[in-house]
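See structure below.
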Amino acid sequence: MSKLDFLNNEIQALKEQGLFINIRTIESAVGAWIQVDGKRVLNLCTNNYLGFANHPKLKEAAKKAIDEYGVGPAAVRSIAGTQTLHRQLERKLAAFKGVEDTISVQSGLLANQAVIPTITTADDVIFSDELNHASIIDGTRLSKAKVVRYKHNDVADLEAKIKSEPAARNRLIITDGVFSMDGDVAPMKEIVEVAEKYNALTMADDAHGEGVLGRAGRGIADHFGLHGRVDIEIGTLSKAFGVVGGYIAGKKAIVDFLRQRARPFLFSSAVTPADIAACIAAVDILAESGELVEKLWANTKYFKDKMKALGFDLGQSVTPITPVMIGDTEKARALSQKLFENNVFAMAIGFPTVPKGKERLRIMISATHSTEDLDFAVKAFEKVGKEVEVI
Ligand SMILES: *Cc1c(COP(=O)(O)O)cnc(C)c1O
């Protein structure tokens, strides 16, 4: 008997149910091809949409920043951790997105924790899409507001819930911009229209939309022409931007208040100069040209068309996130394993990340993939899909 048996039993149960995650170690920089377990494999798993994770301009900016500013700020942002670079990034992001201001924090997850509990009180009601990302759910749990979940992307249900839930102060509607497991997009225009009708605040967590949707990756508000009408946009610097960090973009009053009260900003140290400088270089590249974003979308169309023609079910995706729906834990794992044997790296995703019965492989298309790379992937899927009997 050990004090930790309760955990050992849980781990054993995960293994028995086939839910224990085998975490692969990547032995190289992140690109179209990576090294895993000593093997060179085509990378279909990372959020490196634009190839920024190993981009020469970002690496150069990071190295230069280390020489000029050192490796760490050694303080939280509000005490002594705001360096010139931090403000420069925030201003550049604001100009790029066409918003009044932005505030950057250590991650997208923390951006949700920075904003949701900080701008809500017990007198508010939060309306949250039932498929919102875990970090939104955590943010709402830290809030004293009442949380009402509405049906996924269902604006009629949202409106019905708003009507039946009076708030003493504010109503706040929160949705993912792009839903990370299915690749579908929130009906942001309709959500904003309902919000305006009831004077509610709107917030889109656009972690998978920044650098992907809109002109040159300016995000979901730009994609739908909703400038100034989405009150809060959350972005991450760790997906398309290729580095690490998160930010909140919106009206000056919101950002000003977060600088005074957001706990990740006040109580956790600032992101390093190298990271920030790399992010600035990424914004500069996108501000100059939409070429990489166009390549990403062309690759997405190419890959999806070929996979559909083979008979694969790609779910509801309208973005580079490409779920290959399998609906069975064992089959999804077998498919992933056999793809790996054929030098294709595509992880199976199961419960609790997606509901039971919705097991899948999630393919992430990148601008770094060449046409030959995508053909290589499709060929492997065809071979292995037949072996596992999913096509
Ligand atoms: C990935 C993701 C996050 C977390 O971003 P990090 O920068 O990795 O912490 C937050 N929200 C959504 C919707 C995401 O997909």
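Ligands are counted one by one from 1 in listed order, and the atoms in each one are counted from 1 as well.
A salt bridge does not link Lys239 to Glu210: none of the charged side-chain nitrogens sits closer than 4.0 Å to a carboxylate oxygen. Electrostatic pairing of Asp67 and Lys64 does not count as a salt bridge here, judged by no charged N lying under 4.0 Å from a carboxylate O.
Judged by the 6.0 Å and 45° rule, Arg77 forms no cation-pi pair with Phe267. Judged by the 6.0 Å distance and 45° axis criteria, Lys189 is not positioned over the aromatic ring of Phe224.
The backbone N or O of Asp129 lies less than 3.5 Å from no partner atom in the side chain of Thr175, so there is not a single donor-acceptor pair.
In terms of protein heavy-atom proximity, atom 11 (N) of ligand 1 is nearest to Asp205 OD2, 2.6 Å. Of all protein heavy atoms, the one closest to atom 4 (C) of ligand 1 is Leu109 N, 3.5 Å. Considering only non-hydrogen protein atoms, atom 1 (C) of ligand 1 sits nearest to Lys239 NZ, 1.4 Å. Taking atom 10 (C) of ligand 1 as the reference point, the nearest protein heavy-atom neighbour is Ser135 OG, 3.3 Å. Nearest protein heavy-atom contact of atom 8 (O) of ligand 1 is Ser238 OG, 3.6 Å.
Ring-plane geometry between Phe340 and Phe345 is classed as perpendicular, the angle between the planes exceeding 60 degrees on a 0 to 90 degree scale with a lower cut at 30.
Atoms of ligand 1 lying under 4.0 Å from at least one heavy atom of Ala207, given by number and element, are 2 (C), 11 (N), 12 (C), 13 (C), 14 (C), 15 (O).
For ligand 1, the polar-atom distance check finds no N/O of Val178 at less than 3.5 Å from any of the ligand's N/O atoms.
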